[in-house]
Amino acid sequence: MASQVASPSASLHTTSSSTTLSTPALSPSSPVQLSPDDVELLAKLEEQNRLLEIDSKSLRSVNGSRRNSGSSLVSSSSASSNLSHHQEEDSWLLWGRIVNEWEEAYKKKEKQIKELVRKGIPHHFRAIVWQLLCNAQNMPIKEQYSELLKMTSPCEKLIRRDIARTYPEHDFFKEKDSLGQEVLFNVMKAYSLVDREVGYCQGSAFIVGLLLMQMPEEEAFCVFVKLMQDYRLRELFKPSMAELGLCMYQFECMIQEQLPELYVHFQAQSFHTSMYASSWFLTIFLTSFPLPVATRIFDIFMSEGLEIVFRAGLAVLQMNQAELMQLDMEGMLQHFQKVIPHQFDGGPEKLIQVAYQVKYNAKKMKKLEKEYTTIKTKEMEEQVEIKRLRTENRLLKQRIETLRRKVHPWQID
């Protein structure tokens with residue numbers, strides 16, 4: 001992983017051997033005044049963002065080839081071909097300064113860094129910034145990776161089966177037995193060995209695949225472990241998928257509160273939240289949006305967690321409410337599968353803008369979590385009680401039958 005940026009015009013490669021960055025401090029801090037240089041650079045980045053909104057058609061597309069394991073395969077939709085070389089240098093300088101002074105920068109300027117992430121991480125910096133955001137650098141488990149690959153996992157057959165279904169159109173993964181398929185198998189297998197309870201879940205391969213487009217497999221493995229541990233993904237991918245049920249409940253309550261007419265329409269059509277939104281949470285939109293757009297959403301996810309999925313999901317519904325209100329269940333399913341993914345071919349700027357106009361209250365979400373837990377606990381208690389009553393009823397029938405045979409032994413059924 002490169003921790004020094006020599007020049008904005010130089011090519012930045014990430015390797016695991018040169019990591020010298022210290023662990024970022026994630027605790028909130030009071031606002032700190034920016035230096036004049038930072039203010040100037042931020043102003044120029046604002047101008048970049050304005051140009052992007054004007055010329056969204058010039059956003060870069062996915063880079064379909066990979067030169068080496070440390071280079072990025074997804075072009076950043078935050079950069080425009082109309083930006084001057086000077087403006088691009090400013091972006092490089094600012095992100096280079098942030099990366100090289102990460103601990104101090106994040107401690108003092110967390111809010112500003114989050115704002116920059118929302119505008120898009122330059123693709124050359126994406127690998128290292130993602131690792132810094134989730135604190136995945138220098139993880140001891142990285143040393144175990146090569147040994148894990150020598151072991152056998154009970155999930156290997158399932159993983160092999162699904163590899164070809166993960167990014168089947170992407171050059172890095174589409175060829176059978178390609179490097180992409182092999183490293184994807186390696187990371188999924190390694191994780192299934194360190195987390196036997198979760199093992200392997202199909203949706204997780206899309207997340208790992210995106211990580212592998214950005215960084216070598218050992219680093220992708222460490223980032224994935226962090227995402228599973230610290231970003232609620234492990235709970236989402238557990239066999240019971242209880243956390244997914246919670247997310248569906250919270251998201252449905254947001255729809256009921258903020259888009260009440262659409263909520264009533266969904267209910268009338270028996271169009272359940274899980275029918276369209278499950279994949280949003282399980283793959284962070286990676287199976288729903290064009291890859292450059294989903295990668296921008298993933299930037300924000302790395303910085304702010306699942307909140308962006310709730311925000312972007314509600315933004316999608318808000319932007320499509322008029323059309324959805326005219327459709328029945330089958331029509332809505334087709335709309336989600338065929339129409340919505342192409343609405344953002346030009347880039348994610350409008351979606352992100354609307355997403356941050358969505359009302360999101362962390363305290364309200366916590367309250368909904370408690371409500372959901374109470375509901376599920378009550379349901380489980382009722383199920384236990386029903387099971388107990390059925391058992392008692394069966395035993396009572398057996399006892400009656402035994403007594404009947406004793407009293408009337410000559411009777412034969």
Side-chain angles (χ1 to χ4, degrees), residues 162 165-169 201-207 209-210 231-233 235-238 240-298 300-301 305-345 348 350-360 365 368-369 372:
D162 288 338
R165 306 176 189 177
T166 307
Y167 299 114
E169 303 299 321
C201 185
Q202 184 181 2
S204 60
F206 286 93
I207 294 172
L210 180 66
Y231 286 69
R232 294 175 66 182
L233 291 188
E235 301 304 313
L236 280 173
F237 288 123
K238 277 185 178 180
S240 67
M241 289 194 164
E243 191 77 3
L244 180 62
L246 168 61
C247 290
M248 294 299 98
Y249 179 76
Q250 291 171 318
F251 189 61
E252 190 170 305
C253 288
M254 289 180 69
I255 300 170
Q256 185 177 12
E257 180 182 339
Q258 299 185 43
L259 301 172
E261 292 181 2
L262 187 60
Y263 173 81
V264 170
H265 179 64
F266 282 171
Q267 294 293 308
Q269 294 294 324
S270 299
F271 193 60
H272 303 296
T273 311
S274 59
M275 295 172 70
Y276 63 91
S278 292
S279 63
W280 293 353
F281 287 86
L282 290 172
T283 68
I284 321 299
F285 293 107
L286 287 167
T287 57
S288 305
F289 292 161
L291 193 53
V293 176
T295 304
R296 280 286 304 278
I297 299 293
F298 205 85
I300 303 172
F301 170 72
L306 278 179
E307 178 179 332
I308 185 58
V309 182
F310 286 99
R311 286 184 174 278
L314 208 72
V316 167
L317 296 183
Q318 184 178 322
M319 295 165 74
N320 287 272
Q321 179 171 1
E323 292 85 352
L324 291 169
M325 292 287 291
Q326 305 302 316
L327 301 172
D328 60 12
M329 180 197 289
E330 185 61 32
M332 287 190 286
L333 279 172
Q334 289 296 313
H335 191 80
F336 277 99
Q337 293 169 4
K338 306 293 185 184
V339 178
I340 288 176
H342 298 290
Q343 292 177 340
F344 308 106
D345 286 343
K350 179 63 176 177
L351 174 63
I352 293 173
Q353 179 186 352
V354 175
Y356 280 94
Q357 294 169 353
V358 167
K359 296 176 184 177
Y360 181 91
M365 298 298 273
L368 291 173
E369 181 179 353
Y372 181 78

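The structure displayed is predicted, hence computed values, not measured ones. Starting from 1, each residue takes its place in the sequence as its number.
Note: Phe310 and Phe281 have perpendicular aromatic rings, judged against thresholds of 30 and 60 degrees for the angle between ring planes. Note: Tyr167 and Phe206 have perpendicular aromatic rings, judged against thresholds of 30 and 60 degrees for the angle between ring planes.
Annotation: Lys238, atom NZ; neighbour count of heavy atoms from other residues, nucleotides and ligands within 6.0 Å is above 12.
In this structure, Ile297 and Ile352 have side chains that are in contact, with non-hydrogen atoms separated by less than 4.5 Å. A heavy-atom distance below 4.5 Å is not found between the side chains of Phe289 and Thr295. Counting only heavy atoms from C-beta outward, the side chains of Leu233 and Phe301 approach each other to under 4.5 Å. Using a 4.5 Å cut-off on side-chain heavy atoms (C-beta onward), Lys350 and Met319 make contact. At a threshold of 4.5 Å between non-hydrogen side-chain atoms, the residues Leu291 and Leu210 count as touching. Within the 4.5 Å cutoff, side-chain heavy atoms of Val316 are placed close to those of Phe344.
Residue Phe266 holds its CZ atom at 11.0 Å from CE of Met329, rounded to the nearest 0.5 Å. Rounding to the nearest 0.5 Å places CG of Leu333 at 9.0 Å from CG of Asp328. Expressed to the nearest 0.5 Å, how far OH of Tyr372 lies from CD of Glu243 amounts to 9.0 Å. With rounding to the nearest 0.5 Å, the separation of CD1 in Ile340 from CG in Leu324 is 5.5 Å.
Closest heavy-atom contact between Arg232 and Cys247: NH2-SG, 3.5 Å. Residue Leu314 comes nearest to Phe251 through the heavy atom pair N-CE1, 3.6 Å, listed as atom of the first residue, atom of the second, then distance. The shortest non-hydrogen separation linking Pro290 to Pro341 is CD-O, 3.1 Å. Closest non-hydrogen pair, Trp280 versus Ser288, comes out as CD1-OG, 3.2 Å. Closest approach of Leu282 and Leu236 over heavy atoms only: CD2-O, 3.9 Å. Pairing each heavy atom of Gly203 with each of Thr283, the nearest pair is O-CG2, 3.8 Å.
The backbone N or O of Arg165 lies less than 3.5 Å from no partner atom in the side chain of Asp162, so there is not a single donor-acceptor pair. Here the side chain of Gln258 pairs a donor or acceptor atom with the backbone of Lys359 at under 3.5 angstrom.
The side-chain hydrogen bond (donor to acceptor under 3.5 Å, both in side chains) pairs that include a residue from residues 260-278 are Glu252-Thr273, where partners are two or more places apart or lie in different chains. Residue pairs meeting the side-chain hydrogen bond (donor to acceptor under 3.5 Å, both in side chains) criterion with at least one member in residues 312-324, sequence neighbours excluded: Asn320-His335, Asn320-Gln343.
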Met275 and Met332: CA distance, side-chain angles, deciding distance, side chain to side chain contact (heavy atoms under 4.5 Å, CB included) verdict: CA-CA 10 Å; Met275 295 172 70; Met332 287 190 286; over 6 Å; no

Side chain to side chain contact (heavy atoms under 4.5 Å, CB included), that's the test. Do Tyr356 and Ile300 meet it? Break it down for me. CA-CA 11 Å; Tyr356 280 94; Ile300 303 172; 3.2 Å; yes

Stepwise side chain to side chain contact (heavy atoms under 4.5 Å, CB included) check, Leu244 with Phe237: CA-CA 8 Å; Leu244 180 62; Phe237 288 123; over 6 Å; no

May I have the step-by-step check of side chain to side chain contact (heavy atoms under 4.5 Å, CB included) for Val293 and Asp345, ending in yes or no? CA-CA 8 Å; Val293 176; Asp345 286 343; over 6 Å; no

